[in-house]
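Some notes on the structure that comes next.
This structure is a prediction, so every number in the text was calculated from the model and none was measured. These values consider heavy atoms only, across backbone and side chains, with no hydrogens, waters or symmetry-generated copies. Order of the sequence lines sets the chain letters (A, B, ...), proteins ahead of strands, with each chain counted from 1.
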Number of protein chains: 2
Amino acid sequence: MLDAPLALDALGDPSRRQILMLLARGGMSVSGLLEHFDFSQPALSKHLRILREAGLVTFVKDGRAHRYELRGEAIRDAGAWMIELYAFWNDRLDTLGSTLDALAEEDAREDAVQ
Amino acid sequence: MLDAPLALDALGDPSRRQILMLLARGGMSVSGLLEHFDFSQPALSKHLRILREAGLVTFVKDGRAHRYELRGEAIRDAGAWMIELYAFWNDRLDTLGSTLDALAEEDAREDAVQ
DNA sequence: GATTTATATAACTTTGCGGTTATGCTTAAT
DNA sequence: ATTAAGCATAACCGCAAAGTTATATAAATC
């Protein structure tokens, strides 16, 4: 069995998962994100740093704003690991193959348009 | 976007992920699991409690031993949530459909043999 | 150039979590 | 019946993590 992705450590926090759900809709600035939370701006910046170091988000400077963006591949990899674990448990490695094949196919299509 | 599964909180710990990987190979007793770790038996029991309350494992009493088992569906659901998030981010809801369809199909097959 | 806006970092506080030892309960063994 | 084995819980400890306020930097505005 493959090692679990580090990203799962960062995903263990509800606020960070909420951030990722917001970013899945599109890039957002820190102040834009902040409107959706009760805690302070530094607290949000700390979460964003953790997500960055886990490879789950990136940002681009846009004037004085930092536009954060989701790194979907990292999310996908974490999800794939779980599906893989499920498939292994389920004693159906054919499922594993088809699932990962489907993901790889998606990836190829994505790369093509970029 | 759907809420993230609570299970992800429990998955935020490397030791617990290791436990799940061991259990994916088949049910194990606490003492059996303990051989794979450096910490004490109470520490392991606390991890198992958290995994139980997250719905990720169950156990059956077997004499004085407790045989823990993985609840694959919970893992699958957590993985599916991430794949779903990825698909949403990737602006390809057709992918979401096909991925979840594939999982549902797997599930149906599983139910059939049980 | 002074001020305001946007974000990050530093320093600090507090709380939660993962670890420990000690103990209790249940079941098997002798 | 005692003893031992397997596991869970209680009580406690230390530290990391999530929060705070204060401050620094960089860019836009006036």
* Asked: Who are the side-chain hydrogen bond (donor to acceptor under 3.5 Å, both in side chains) partners of Ser15(A), not counting sequence neighbours?
  -> none
* Asked: Who passes side-chain hydrogen bond (donor to acceptor under 3.5 Å, both in side chains) against Arg52(B), sequence neighbours left out?
  -> Tyr68(B)
* Find the distance Asp62(A):CG to dA6(C):C1' and express it as a whole number of Å. => 11 Å
* To do: If a pair satisfies ring pair (Phe, Tyr, Trp, His ring centres under 6.0 Å) and one of its residues is in residues 16-38 of chain B, list it, with sequence neighbours excluded.
  => Phe37(B)-Phe39(B)
* Asked: Looking across every strand, which nucleic acid part, if any, lies under 4.0 Å from Tyr68(A) by heavy atom: base, sugar-phosphate, or nothing?
  -> sugar-phosphate
* Pairs where residues 7-26 of chain B contributes a residue and the test ring pair (Phe, Tyr, Trp, His ring centres under 6.0 Å) is met, not counting sequence neighbours -> none
* Asked: What pairs with Asp9(A) under side-chain hydrogen bond (donor to acceptor under 3.5 Å, both in side chains), at least two apart in sequence or on another chain?
  -> Arg17(B)
* Structure fact -> Comparing Arg64(A) with Ser29(B), nearest DNA chain D nucleotide closer to 5' gives the residue Ser29(B)
* Rounded to the nearest Å, what distance is computed from the NE2 atom of residue His66(A) to the C1' atom of nucleotide dT9(C)? -> 13 Å
* Structure fact -> Residues pairing under salt bridge (Lys or Arg N to Asp or Glu O under 4.0 Å) where one sits in residues 23-43 of chain A, two or more places apart or in two chains, turn out to be none
* Those residues that, when tested against His66(B), pass side-chain hydrogen bond (donor to acceptor under 3.5 Å, both in side chains) (two or more places apart) -> none
* To do: Return the residues of residues 39-60 of chain B meeting this criterion: a heavy atom under 4.0 Å from some atom of DNA chain C. Order them by number, or give none.
  => Phe39(B), Ser40(B), Pro42(B), Ala43(B), Lys46(B), His47(B), Ile50(B)
* **Test salt bridge (Lys or Arg N to Asp or Glu O under 4.0 Å) applied to Arg67(A) - qualifying residues, sequence neighbours left out** => none
* Can you list every side chain to side chain donor-acceptor pair (under 3.5 Å) pair that touches residues 53-63 of chain B, not counting sequence neighbours? -> Arg49(B)-Glu53(B)
* In residues 10-19 of chain B, what residues come within less than 4.0 Å of DNA chain C, judged by heavy atoms? -> Asp13(B), Arg16(B)
* To do: Determine the minimum heavy-atom distance between Leu23(B) and Trp89(A), stating which atoms define it.
  => O-CD1, 4.3 Å
* To do: On DNA chain D, reading 5' to 3', which nucleotide is the first and which the last to sit with an atom under 4.0 Å from a heavy atom of chain B, could you check?
  => dA4(D) to dT9(D)
